[in-house]
Every structure is written in C-alpha cells, then in structure tokens.
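The structure displayed is predicted, hence computed values, not measured ones.
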Amino acid sequence: MGVRGLQGFVGSTCPHICTVVNFKELAEHHRSKYPGCTPTIVVDAMCCLRYWYTPESWICGGQWREYFSALRDFVKTFTAVGIKLIFFFDGMVEQDKRDEWVKRRLKNNREISRIFHYIKSHKEQPGRNMFFIPSGLAVFTRFALKTLGQETLCSLQEADYEVASYGLQHNCLGILGEDTDYLIYDTCPYFSISELCLESLDTVMLCREKLCESLGLHVADLPLLACLLGNDIIPEGMFESFRYKCLSSYTSVKENFDKKGNIILAVSDHISKVLHLYQGERKLEELLPLGPNKALFYKGMASYLLPGQKSPWFFQKPKGVITLDKQVISMSSDPESREEVPMCSDPESKQEVHMCSDPESRQEVPMCSDPEPRQEVPMCSDPESRQEVPMCTGPESRQEVPMCTGSESRQEVPMCTGPESRQEVPMCTGPEPRQEVPMCTGPESRQEVPMCTGPQSGQEVLIWTDPESRQEILCTGHESKQEVPICTDPISKQEDSMCTHPEINQKLPVATDFEFKLEALMCTNPEIKQEDPTNVGPEIKQQVTMVSDTEILKIARTHHVQAESYLVYNIMSSGEIECSNTLEDELDQALPSQAFIYRPIRQRVYSLLLEDCQDVASTCPAVKEWFVYPGNPLRHPDLVRPLQMSVPGGTPSLKILWLNQEPEMQVRRLDTLLACFNLSSSREELQAVESPFQALCCLLIYLFVQVDTLCLEDLHAFIAQALCLQGKSTSQLVNLQPDYINPRAVQLGSLLVRGLTTLVLVNSACGFPWKMSDFMPWNIFDGKLFHQKYLQSEKGYAVEVLLEQNRSRLTKFHNLKAVVCKACMKENRRITGRAHWGSHHAGRWGRQGSGYHRTGSGYSRSSQGQPWRDQGPERGCIVPVNKQISIPMHLIFII
C-alpha cells in the first residue's frame with residue numbers, strides 16, 4: 001500500500017523522519033493547547049487488522065473471542081488516557097485501484113497455496129512469517145468495535161482519503177495506520193500502528209516536514225513525488241525509464257544507500273532543481289513524459305488534495321464565458337496569474353469545490369472564483385431537481401466549442417472546454433432549449449461528471465466508454481424509469497450533489513468510478529454521445545441501471561456509513577461487490593469454493609434489492625462480482641443475475657421491510673430471510689431453536705443441502721463446538737491446542753465464517769429480523785475448538801466426548817442435530833457418516849483440470865453426475881436455471 005519504496009526509504013535512508021512519541025503526553029499537550037477539545041485519533045482500521053489480531057492461532061478459522069478481548073483492551077488503553085478513537089473502514093474498491101487489488105489477491109492466492117502445502121507436509125500451523133488474516137476479519141471487526149461503543153464509519157471509497165480529510169478538518173491529534181500515503185497527504189500527524197507499544201502508548205511519528213527537508217521539497221510537491229514513484233493509482237512501471245534517467249544524471253548518489261533509496265533522492269532532486277524552475281510557467285505534460293497517461297497522472301495527483309487544498313502543479317490560465325441562469329458573465333485572468341480555477345468535484349479525483357453558504361437555503365453553494373475582480377460566482381441550482389448546475393468556460397477562451405447533437409432531440413449540445421486540459425466537456429440540454437447544463441471535468445480526470453438536468457426530460461440510460469481508461473459514463477432519464485437517485489444529506493434532509501457523513505462536516509463523494517460504480521449523483525440528458533476529451537470514437541455499451549428510490553438508497557447509505565450493514569449499499573448504488581481471499585485448498589477434490597456455495601443466496605438478495613431496477617421483461621441487471629476463488633484470474637468480474645425467490649405471502653418491498661415498524665412485520669422480515677436461503681419450509685423447526693443457535697442452524701442446513709461431501713461427522717463437530725463455546729472463558733480457549741492441523745478442517749472453518757458474513761448481508765437486506773449478535777463469530781464459533789471437535793469426530797469419538805461429558809449440552813445437541821437433519825430431508829438430502837459413503841464421493845466435486853478453475857467445478861446431485869458446466873447452451877454469461885444443483889446449484893458458467 002502507499003508509495004512504492006517510500007516505507008523502506010524512510011526506515012533505512014532517513015530514519016530521522018521517525019520520532020518516538022507518547023500518546024499520553026501528546027494528548028495532554030493537545031488539551032492544554034485546545035481547552036475543551038477531546039484529543040481524537042483517526043484510525044485506518046484496515047491497516048491495523050494485523051496488529052490487532054494477536055491470537056497465536058490463525059489457521060483454523062479465527063480465534064474470535066480472543067480477538068474481541070484484544071480489541072477491548074486496545075480501546076480501554078486509549079480511553080483511560082482520555083483519547084477518543086474514530087475508526088474508518090474501506091467501503092469499496094475504487095476502480096483506479098482495481099488492478100492493484102487484483103494483483104494483491106493473486107499474490108495472496110500463491111501464499112495460500114504455500115500455506116496448504118506446509119500444512120500437508122508438517123500437520124501444523126506455519127510460522128508467523130506466513131500469517132494470513134482469518135476470513136471475514138474486517139467485516140466482524142466493524143461490529144466488534146460498535147459493540148464496544150466505538151464510533152465506527154465505513155467509507156464511500158477507499159478509506160485513506162476520508163481518514164486524511166477527517167483528521168485535517170477536525171483538528172485531530174493524528175492518524176494511526178500503516179500507509180505511506182499518509183506521509184503524502186497534507187493533513188494531521190501520522191503515527192505507525194506497527195510501532196505501537198500498547199502498554200506504554202509509545203509509537204513512532206513519521207514527519208512529512210522532515211521528509212521534505214531531507215528531499216529538498218515542499219509539502220505541496222509530495223503528491224508529484226508519489227505519482228512519479230508509483231502508488232495504488234499510478235503503476236510503478238509507468239515512469240520507470242524516467243526514474244532511471246533521473247538517477248543517471250543525479251550527482252549525489254550515496255554508495256551506502258540501496259538502489260530504491262537513490263532513486264527517490266534522484267527523483268526528488270529533479271523536482272527541486274529542474275521542475276521547480278518552470279513551476280507555474282509550463283504544464284507538467286511539457287516537463288514530464290506523460291504521453292497517453294496524462295489523465296491518469298493528474299488523477300493520481302488530485303487524489304491527494306483534501307477539501308480546500310490546491311496544488312501549485314495544476315497550471316491554469318482561464319479566460320472565458322460562464323453561462324449562469326441564462327446570463328452571460330465574462331471572466332478573465334491575469335496571463336501571469338498562477339491562481340487555479342476552482343473545479344467541480346469529481347468523485348474519483350477528489351478535486352475541490354469552493355463553497356459558499358446560501359443564507360436562505362442554508363445549503364453550501366459551490367463557487368467559481370473570478371481571479372481578476374475577485375468575485376465569486378455561485379453555481380446555479382435547479383429548483384426542481386435540487387441539483388447544482390456547474391458553470392463552464394466558454395468560447396472566449398479562444399478554444400473551439402464543438403456541438404454534440406442528440407439523436408432524438410435534434411438539438412445541438414454545446415461542449416465546454418477546460419482552459420488547461422483542452423478537453424471537450426459535453427453540456428446537457430434540458431427540456432428548455434436554452435437552458436444549458438454543462439458537465440464538469442477536471443484536468444486530471446477523463447471522467448466527465450454531468451451534474452444535473454431538467455426533471456421532465458425523457459431520457460434513457462447510455463454508457464460511454466473511454467477506450468483508454470476503460471471508464472464508463474452513465475446517462476439516465478425519467479422515461480426509462482431508471483433514474484439515478486440524488487444522494488440526500490441525512491443532516492440537512494436536502495438533496496445534494498455530494499454526500500456527507502453524519503457527524504462529518506466535510507463533503508465526500510458518493511461513488512468512485514463509472515466503469516462499474518453507477519454514479520448515484522448524476523442525472524443527465526438523453527442520447528448524447530459522451531466523448532473522451534483526448535480520444536475519438538466513443539463506444540456505446542450495454543444498458544446499466546440502478547436503484548432509483550432516493551429514500552431507500554439514503555437508508556442503505558446511512559447503514560453503510562454507520563457500518564451497520566454489509567454490501568447492501570454497494571449492490572444498490574454501484575452493482576458491484578468484491579470478496580477477498582479465503583483459506584481454500586485449490587487442490588482439494590471434495591470441497592467447492594465458498595464463492596460458489598453462497599452465490600445462490602447472494603442472487604436472491606440481488607433480486608430483493610434490485611427489484612426496482614427491473615426492465616420491461618422483468619429482468620434485474622446483473623451484479624458484478626469480484627470474488628476470489630481457485631483458478632479465477634480476476635481479469636474481469638463475474639456477471640451474476642438475480643435469482644427470484646419465493647416468499648410466503650409474496651416478496652415485500654424494501655420500504656415495507658425497512659420502514660414499516662408494525663410488530664407483525666418482523667415475521668415478514670424473517671420469512672424473507674429464510675427465502676433467501678431457500679429454507680421457507682423449515683421455518684417452524686428453526687423458530688423452535690433458541691438464540692444464538694437459530695442463525696447457526698439456518699446456515700448449517702443450507703450448507704449440508706448444497707454440499708454433498710459434508711458428512712455427519714462434520715455436522716457433529718460444528719454443533720459440538722458451538723455448544724461447548726458457551727461455557728468456555730477466553731483463557732481456556734487460549735490454552736486449547738489441537739493435536740494436529742487438518743487441511744480439510746481448515747477449509748471448513750473458513751467456509752463457516754464466510755457463511756456468517758453472508759448472514760450479515762442477508763440480515764441487513766431483510767431489515768434485521770435477527771440480532772446481529774446472534775451470528776457474530778465470538779458468540780458461536782472458535783477455530784481451535786472446532787478443529788479439536790473435528791479431529792475427535794473424525795476418529796469416531798462418541799458424542800458425549802465431543803460435548804465434554806456435559807449432560808445439558810447433550811440434550812441441546814440432539815435437538816439441534818434433529819432440526820438440521822429434518823430440514824435436509826425435506827430437500828431430499830440425507831446426511832450420512834463417512835462409513836456409508838461409496839467410492840463415488842471421493843471425486844464428486846473434483847476439479848477437472850486447470851482450465852476449469854475459472855468458474856469452479858463439481859457435479860450435481862440432481863443431475864446424477866452430469867457436470868453442471870455442460871448444462872447450458874450459451875457462452876460468456878452466468879444465468880440462473882430452475883434446477884437445484886449442488887455447486888454452484890443453479891448457475892451455468894461457460895468461458
């Protein structure tokens with residue numbers, strides 16, 4: 001994560017940048033400097049997971065009760081010295097960082113292969129040098145922290161930008177994390193989680209001012225340095241030749257420094273001695289070999305600019321005309337002026353929007369600043385759509401203003417051109433022919449962000465694809481009934497083109513990229529071919545829709561931001577989700593991947609959440625799934641269609657599930673949840689089960705119905721560990737040691753935990769019919785305890801031994817087992833012991849060579865051994881079929 005090579009450089013070449021500090025002393029100093037202000041640390045939780053997971057065992061599925069105890073100790077330590085913690089989690093993967101995400105996931109796959117090879121060879125857990133965080137750790141950490149009373153937020157993009165913004169705008173004590181991007185942001189101090197000693201509260205502060213002093217740079221130069229070195233947006237190889245040219249001309253090469261250290265020094269020297277000479281006089285593309293990567297480079301630069309910040313490296317000399325409420329206002333600037341033209345906010349590029357306050361509406365109104373007369377020109381607001389209409393530079397900038405004609409309206413649509421980027425920016429024309437609504441773009445980004453349109457215009461959804469950046473632009477309208485809802489500020493209750501965290505005053509973008517993230521802020525004009533500012537030949541792709549009910553979307557967004565749900569908002573706003581690596585053995589010949597096992601549940605959830613998006617053929621749009629499973633090269637997402645489900649009494653709408661507070665609605669919510677698992681017929685049996693085992697039984701029934709190769713011994717182990725866990729203390733679990741490590745048990749443990757995260761998704765989507773605590777793993781699962789019970793059950797130990805000779809547990813055990821077995825029998829699934837298995841079980845789920853890994857493999861019970869891969873005629877898609885099969889049960893995947 002972060003800037004390539006910078007972490008090692010700081011540690012080896014510039015150790016003076018790192019200063020040992022004490023949080024207790026810093027908090028006291030902060031209180032004396034700001035009386036009445038509570039010292040607050042913003043925590044990048046994703047960076048801290050490895051630090052927080054202190055249990056010795058990690059291979060068996062997670063020591064969740066030990067982990068919860070470690071989190072509680074962490075929080076208590078800071079609370080004791082009067083420090084408030086704010087935790088941020090990643091909400092989604094930005095499209096600019098998707099390639100980096102894929103690269104890391106494929107690397108993790110190789111690590112997992114080595115882990116399973118080690119287990120098979122040594123029958124023990126590998127050393128900490130091969131540590132792999134348990135599945136679902138990030139998801140359940142959110143709920144653990146909320147249970148501990150901590151303010152926990154989930155970002156609307158990757159968290160680092162929102163962490164840096166929050167720290168700056170709320171005068172925080174600092175940021176706690178492990179990401180060199182925090183050295184680049186011009187924000188509050190950055191502290192290392194890896195160097196934190198919890199007992200003394202000592203850690204290391206990394207000082208960006210000292211870094212600049214060592215490199216001969218200004219703080220405003222750090223984003224430029226980061227992009228030239230490579231980060232999560234700019235591939236490291238993009239400027240490799242440039243860096244070596246800098247190194248070859250660098251005269252102060254330090255022999256005792258490593259190669260990467262000298263490269264950082266050389267690039268910094270080039271910035272300070274060469275680029276600074278032309279700063280403000282020549283554009284970066286004239287000074288650097290940007291080539292076709294200009295837009296990506298500027299976007300990388302802009303990604304470090306926090307609200308209200310400017311970069312001296314964005315060189316603009318605007319002259320032009322701004323159309324505002326049918327009036328023409330001339331703007332000009334001093335040709336020598338280096339003042340930047342305020343830009344509208346691009347959700348990805350994170351560019352700033354100058355804001356002013358309207359005393360009547362109490363809304364912030366973006367302002368465009370006229371550099372010469374120093375007058376601020378507010379952006380106009382469409383009173384019907386409540387969307388802000390940005391202003392754009394027109395023909396007086398001496399640039400051509402091409403016209404774009406809509407195919408149906410036959411109206412010419414003017415294009416406005418940014419003065420620096422010379423990029424054509426299409427303008428959308430509303431129903432009133434003279435009301436031009438420009439689209440706003442920044443010089444760093446090729447994403448054109450249409451801001452608003454007249455609400456009566458009939459419009460269809462179009463997607464334009466930038467052939468270079470692979471970014472899609474969405475147009476939508478009202479005739480198609482596929483509106484893109486405006487995000488509503490939960491505080492002001494007014495619709496706004498940007499979104500705000502509750503309790504966070506800073507404006508934050510709702511979505512990220514347009515290729516897969518359906519922009520929730522836009523509504524644009526019909527049939528306009530959007531053009532890439534630097535490329536011709538736009539391409540119209542397939543129609544994409546999203547949820548249009550702004551009230552429902554607002555509720556989903558609030559639950560998402562408050563870390564109360566999982567994946568629901570991602571599905572409804574962008575139609576794209578991801579799931580990272582799971583400890584799965586790619587060579588296993590019996591167990592399918594969790595990605596396939598739980599896919600039918602997700603498909604039914606898609607049907608529930610996207611019902612509003614059905615087209616005239618009553619077909620919901622496909623959801624893009626980036627799920628890691630053995631053999632998946634992750635070159636593109638799986639396109640997964642929703643699967644209709646049968647709810648007794650009919651499927652209720654989201655408004656009924658989420659907003660109706662009548663007591664009888666809880667029954668409807670539970671019916672909907674069980675329908676997502678296709679277990680409506682087992683409702684009576686499950687209702688008789690006490691908490692917290694009701695959710696566990698639901699999950700076990702689903703698993704055993706879907707996966708033929710799960711046997712009676714597996715069921716005994718799952719139930720026994722859940723019952724025994726209730727009577728064990730954390731210290732007892734710490735001292736527990738399985739005789740050896742079994743690779744199949746490792747995969748089963750991870751499979752169950754992934755099922756618990758799926759329960760979180762379903763429970764969130766259905767309006768929370770069950771308490772979340774019922775399926776938090778620290779209440780119903782412990783990895784080592786399950787492993788112990790699995791090994792005992794595999795050896796044929798009696799149930800009494802599994803239950804540690806506890807008679808009260810024995811009664812509960814037989815009751816839970818009966819519920820699961822009876823429900824499975826209703827689905828024609830008889831759970832038998834391994835002794836009853838025939839030879840056909842050994843390879844029933846066998847993967848059929850590496851060529852089949854892309855979409856999983858296995859045979860269906862219902863098709864008597866016919867590979868599910870061969871059950872469909874079409875290629876290149878994923879479609880549901882009516883037949884219930886074991887894996888992936890109802891899908892046809894053809895490459």
Taking the six-membered ring of Phe627, is the NZ or CZ of Arg602 close enough (under 6.0 Å from the centre) and on axis enough (within 45°)?
yes
Report yes if the side chains of Lys624 and Leu639 come closer than 4.5 Å at any heavy-atom pair, otherwise no.
yes
Classify the side-chain pair Ser113/Glu586 by whether it contains a donor and acceptor separated by less than 3.5 Å.
yes
Fit a plane to each ring of His559 and Trp658, take the angle between them on a 0 to 90° scale, and name the class: parallel (under 30°), tilted (30 to 60°) or perpendicular (over 60°).
perpendicular
Approximate separation, where rounding is to 0.5 Å, of Ile701 CD1 and Asn678 CG
11.5 Å
A cation-pi test, strictly: NZ or CZ of Arg105 under 6.0 Å from the centre of the six-membered ring of Trp101 and no more than 45 degrees from its axis. Yes or no?
yes
Look at the side chain of Asp96 and the backbone N and O of Ile233, then say whether any donor-acceptor pair between them is shorter than 3.5 Å.
no
From Thr672 OG1 over to Leu657 CG, what is the distance, rounded to the nearest 0.5 angstrom?
4.5 Å
Provide the closest heavy-atom pair for Tyr598 versus Leu699 in the form atom of the first, atom of the second, distance.
CE2-CD1, 3.8 Å
Sub-3.5 Å donor-acceptor pair from the side chain of Thr757 to the main-chain atoms of Gly136, do we have one?
no
Do NZ/NE/NH1/NH2 and the carboxylate oxygens of Glu576 and Arg98 come within less than 4.0 Å?
yes
Locate the shortest heavy-atom distance separating Leu49 from Ala138; write the atom from each residue and the value.
CD1-CB, 3.8 Å
For a quick test of reading the model, state the closest non-hydrogen atom pair linking Phe677 to Arg604 and the distance between them.
C-NH1, 4.2 Å
Is the backbone of Ile597 close enough, under 3.5 Å, to the side chain of Tyr702 for a donor and an acceptor to pair up by distance?
yes
How far apart are the closest heavy atoms of Leu583 and Ser750, and which atoms are they?
CB-OG, 3.5 Å
Take Cys154 and Tyr569 through the test side-chain contact (heavy atoms from CB on, under 4.5 Å) and record every step on the way to the result.
CA-CA 11 Å; Cys154 190; Tyr569 182 71; over 6 Å; no
In this structure, which one of Glu100, Lys103, Glu94 forms a side chain to side chain contact (heavy atoms under 4.5 Å, CB included) with Asp232?
Glu100
Quick one: closest heavy-atom pair of Pro592 and Gln747, and the distance?
O-NE2, 4.0 Å
For a 4.5 angstrom cut-off between non-hydrogen side-chain atoms, does Thr758 reach Tyr566?
no
Gap between atom CD1 of Ile115 and atom CG of Asp585 - 0.5 Å precision
11.0 Å
Start with the C-alpha distance between Asn581 and Phe132, add both sets of side-chain angles, then the distance that settles side-chain contact (heavy atoms from CB on, under 4.5 Å), and finish with yes or no.
CA-CA 10 Å; Asn581 305 76; Phe132 199 87; 3.6 Å; yes
Step-by-step side-chain contact (heavy atoms from CB on, under 4.5 Å) determination, Asp588 to Phe116
CA-CA 10 Å; Asp588 186 274; Phe116 275 100; over 6 Å; no
Under a 3.5 Å cutoff, is there a donor and acceptor pairing between the side chains of Glu625 and Tyr606?
yes
Taken to the nearest 0.5 Å, the spacing of Leu673 CG from Arg669 CZ works out to 12.0 Å
Quick check: do Asn763 and Pro769 have side-chain heavy atoms less than 4.5 Å from each other?
yes
Please find the pair of heavy atoms, one from Ser303 and one from Tyr161, that lie closest to each other, and give the distance.
O-CD1, 3.5 Å
Could you check whether any side-chain heavy atom of Cys676 comes within less than 4.5 Å of a side-chain heavy atom of Met645, counting everything from C-beta outward?
yes
Step by step, would you call Val547 with Leu609 a side-chain contact (heavy atoms from CB on, under 4.5 Å)?
CA-CA 8 Å; Val547 173; Leu609 296 178; 5.8 Å; no
State, with a plain yes or no, whether a side-chain heavy atom of Leu608 is found less than 4.5 Å away from one of Thr651.
yes
Is any side-chain heavy atom of Ser680 less than 4.5 Å from a side-chain heavy atom of Ser646?
no
Sub-4.5 Å side-chain heavy-atom contact between Leu610 and Val623:
yes
Is the shortest side-chain N to carboxylate O distance from Lys97 to Asp90 below 4.0 Å?
no
Side chain to side chain, Pro637 and Glu578, heavy atoms closer than 4.5 Å:
no
Output the distance between atom CG (Leu106) and atom CZ (Arg635), rounded to the nearest 0.5 Å.
9.0 Å
With rounding to the nearest 0.5 Å, note down the distance linking CG in Leu296 to CD1 in Ile234.
4.0 Å
Arg754 side-chain N/O to Ser135 backbone N/O, donor-acceptor pair under 3.5 Å:
no
